[in-house]
Peer 1: 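One structure is given below, represented as structure tokens, and several questions about it will come after.
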Amino acid sequence: MSMIYISHPYGGQAENKQMVEGIIRELALSHPENTYVSPIHCFGFMYDLVQYETGLEMCLNLLKACDKMYVFGDWKNSRGCTAEVLFAEMHMIPYEIIHQ
């Protein structure tokens with residue numbers, strides 16, 4: 001069983017949270033042997049309560065605990081997603097860019 005971090009643009013937008021819920025639902029049904037982790041669902045409720053850098057650091061700490069990362073959405077235009085990809089590369093965490 002692997003713990004897989006789901007990277008997806010958020011920006012405090014409810015529709016992005018809902019998209020991630022759909023992604024995780026599909027992944028969990030097709031690959032129930034894995035655990036899927038969403039930083040949006042772990043920390044999104046604090047999006048406007050903490051500084052951006054603090055929130056990102058929390059996400060990266062969660063990523064560090066995962067075995068792998070899947071990257072979804074328009075990640076290249078997301079500051080958080082690009083930081084997650086760079087972090088994964090620097091810490092040799094395998095990741096896949098998933099095109100929807």
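These numbers come from a predicted model, not from an experiment. For reference, positions follow the sequence shown, starting with 1.
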Peer 1: From I98 CD1 over to I23 CD1, what is the distance, rounded to the nearest 0.5 angstrom?
Peer 2: 9.5 Å

Peer 1: What side-chain hydrogen bond (donor to acceptor under 3.5 Å, both in side chains) pairs are there with at least one residue in residues 54-78, not counting sequence neighbours?
Peer 2: K68-E96, D74-N77

Peer 1: What residues, two or more places apart in sequence or in another chain, satisfy side chain to side chain contact (heavy atoms under 4.5 Å, CB included) together with E33?
Peer 2: H31

Peer 1: Measure across C81 and P9 and return the closest heavy-atom pair with its distance rounded to 0.1 Å.
Peer 2: SG-N, 3.4 Å

Peer 1: Following the transitive rule for hydrophobic clusters with a side-chain heavy-atom cut-off under 4.5 Å over Ile, Leu, Val, Met, Phe, Trp and Tyr, establish whether M3 and L63 coincide in one cluster.
Peer 2: yes

Peer 1: Hey, what do you get for NE2 (H8) to CE (M19), rounding to the nearest 0.5 Å?
Peer 2: 4.0 Å

Peer 1: Check side-chain hydrogen bond (donor to acceptor under 3.5 Å, both in side chains) between E89 and all other residues, then give those that pass, not counting sequence neighbours.
Peer 2: Y95

Peer 1: Establish whether F45 and Y52 are linked, either directly or via other cluster members, by ILVMFWY side-chain heavy-atom contacts under 4.5 Å.
Peer 2: yes

Peer 1: In chain order, what residues pass the ring-ring contact (aromatic ring centres under 6.0 Å, His included) check against Y10, with sequence neighbours excluded?
Peer 2: Y47

Peer 1: Using the test side chain to side chain contact (heavy atoms under 4.5 Å, CB included), find all partners of L62 that sit at least two apart in sequence or belong to another chain.
Peer 2: Y5, V37, P39, C42, F43

Peer 1: Taking only residues at least two apart or on different chains, which pairs with a member in residues 35-46 satisfy side-chain hydrogen bond (donor to acceptor under 3.5 Å, both in side chains)?
Peer 2: E21-H41, N34-Y36, S38-H41

Peer 1: Would M90 end up clustered with L60 when hydrophobic side chains under 4.5 Å apart are linked, directly or stepwise?
Peer 2: no

Peer 1: With clusters defined by side-chain heavy atoms of hydrophobic residues (ILVMFWY) lying less than 4.5 Å apart, directly or transitively, does L29 cluster with I24?
Peer 2: no

Peer 1: Cluster question for you: counting only ILVMFWY and a side-chain heavy-atom cut-off of under 4.5 Å, with indirect links fine, are L86 and L56 together?
Peer 2: no

Peer 1: Kindly say whether Q13 contributes a backbone atom to a donor-acceptor pair with the side chain of E15 at under 3.5 angstrom?
Peer 2: no

Peer 1: Check E53 against R79 and note the closest heavy-atom contact, atom names and distance.
Peer 2: OE2-NH2, 3.9 Å

